[in-house]
Amino acid sequence: MSNNGVMIRVHNPHPWPSTEQEAVAVQEHLRSLVRFDGEPEVVRTAAGLDVAYREDTNELVAAVTVLDMGTLDIMDSVVVRGKPEFRYVPGLFAFREAPPLLEALTRLSVEPDILVCDGQGLAHPRRFGLACHIGVLTDTPSVGVAKTAMGRYEPPGEQRGDWSPLYCDSEIAGRALRTRHGVKPVFVSVGHRLTLDTACELILRLAPFYRLPETTRSADRLGRSAPA
DNA sequence: GCGACAG
DNA sequence: ATCTTGTCGC
């Protein structure tokens, strides 16, 4: 269902922080807004969010694709460029990548039922990774899929679908999920308005061919192939 | 104090 | 993130 109105809106109760101390304070407040209910009854579309870097222009290139969950066809896509307003700091990743991603989400014309972010959700030092941040500010179900873990885990079984708990500070914050036989697992954690079971189920559906979900792969391709 | 540390 | 060759396997 497409229309000309804005489907995803950003509700940001804080000015964007300029120091690491302020950023941590913002996270500690926003994390109280993460919800685990309100899961969508049926997920028909899923958005992939990724950011590429252009060394030549010192710009961030945020790319968002919306895929049909049934066919994995790309139904919509948006690219937004922006200047980095925050240096990369582990744990404060969202303050660097979220601005252009949020702007891109606002410009979509096909509504995504869930957002698949390239990074952590609850599997974060303060339980508020990029996926939680994006999910809360847009009040949209979201999940984080990271290529490397921020917590500790034991290797899951070798079969596709096998998983093991991902621990952060002795708490289960996500899962190491095997999307392909014999390939390094991806690290899935809830962002907002989803359960971990549903999140893993969706990621497996989105990753029938490769280690990473097609949402992430398509957004990554789009971002790095964007015109100069 | 030293190492670890999403992209 | 990005820089990069060859190599193994389906």
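Labels below follow one simple rule: chain letters A, B, ... track the order of the sequence lines, proteins then strands, and each chain is numbered from 1. Please read these numbers as outputs of a predicted model, since none were measured by experiment.
Here the P atom of nucleotide B/dA4 and the OH atom of A/Tyr167 are 24 Å apart, to the nearest Å. Whole-Å rounding puts the A/Phe93 CZ to B/dA4 C1' distance at 17 Å. In this entry the distance linking CG of A/Asp220 with P of B/dA6 reads 17 Å, nearest Å. If you measure from atom CG of A/Asp56 to atom P of C/dC3, you get 10 Å, rounded to the nearest angstrom. Rounding to whole angstrom units, OH of residue A/Tyr210 and C1' of C/dC10 are separated by 12 Å. Summarising the geometry, the separation between CG on A/Asp169 and C1' on B/dC5 is reported as 13 Å, rounded to the nearest angstrom. Look at CG on A/Leu92: it is 12 Å from P on B/dA6, rounded to the nearest Å. Taking atom NE2 on A/His124 and atom P on B/dG7, their separation rounds to 12 Å, with Å as the unit.
At the phosphate of B/dC5, neither OP1 nor OP2 sits under 4.0 Å from any side-chain N or O atom of A/Thr148. For A/Arg224 and C/dT2, the shortest distance from a side-chain N or O to OP1 or OP2 is below 4.0 Å. Side-chain N/O atoms of A/Lys147 include one lying less than 4.0 angstrom from OP1 or OP2 on B/dG7.
A donor-acceptor distance shorter than 3.5 angstrom exists from the side chain of A/Trp16 to the backbone of A/Phe95, with no hydrogens or angles considered.
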Pair A/Thr198, A/Glu39 - check side-chain hydrogen bond (donor to acceptor under 3.5 Å, both in side chains), show working. CA-CA 9 Å; A/Thr198 299; A/Glu39 193 167 79; 2.9 Å; yes

Go through A/Arg224 and A/Tyr53 one step at a time and tell me if the side-chain hydrogen bond (donor to acceptor under 3.5 Å, both in side chains) criterion holds. CA-CA 8 Å; A/Arg224 73 175 61 208; A/Tyr53 292 69; over 6 Å; no

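No hydrogens or angles considered: a donor-acceptor pair under 3.5 Å links the side chains of A/Ser109 and A/Asp76. With 3.5 Å as the limit, one finds no donor-acceptor pair spanning the side chains of A/Glu111 and A/Thr45.
A/Gly91 comes within 4.0 angstrom of a base, heavy atoms only. Nucleic acid contact class of A/Gln120 (heavy atoms, under 4.0 Å, all strands): base. Heavy atoms of A/Leu166 sit nowhere under 4.0 angstrom from any nucleic acid atom. Using a 4.0 Å heavy-atom cutoff across all strands shown, A/Leu130 reaches at least one base atom of the nucleic acid.
The side chain of A/Ala52 lies closest to C/dT2, out of B/dG7, C/dT2, B/dA6. When distances run from any side-chain atom of A/Ala146 to the nucleotides B/dC5, B/dG7, C/dT2, the shortest one goes to B/dG7.
The side-chain ring of A/Tyr88 is stacked on the base of B/dG7, judged by centre separation under 5.5 angstrom and plane angle under 30 degrees.
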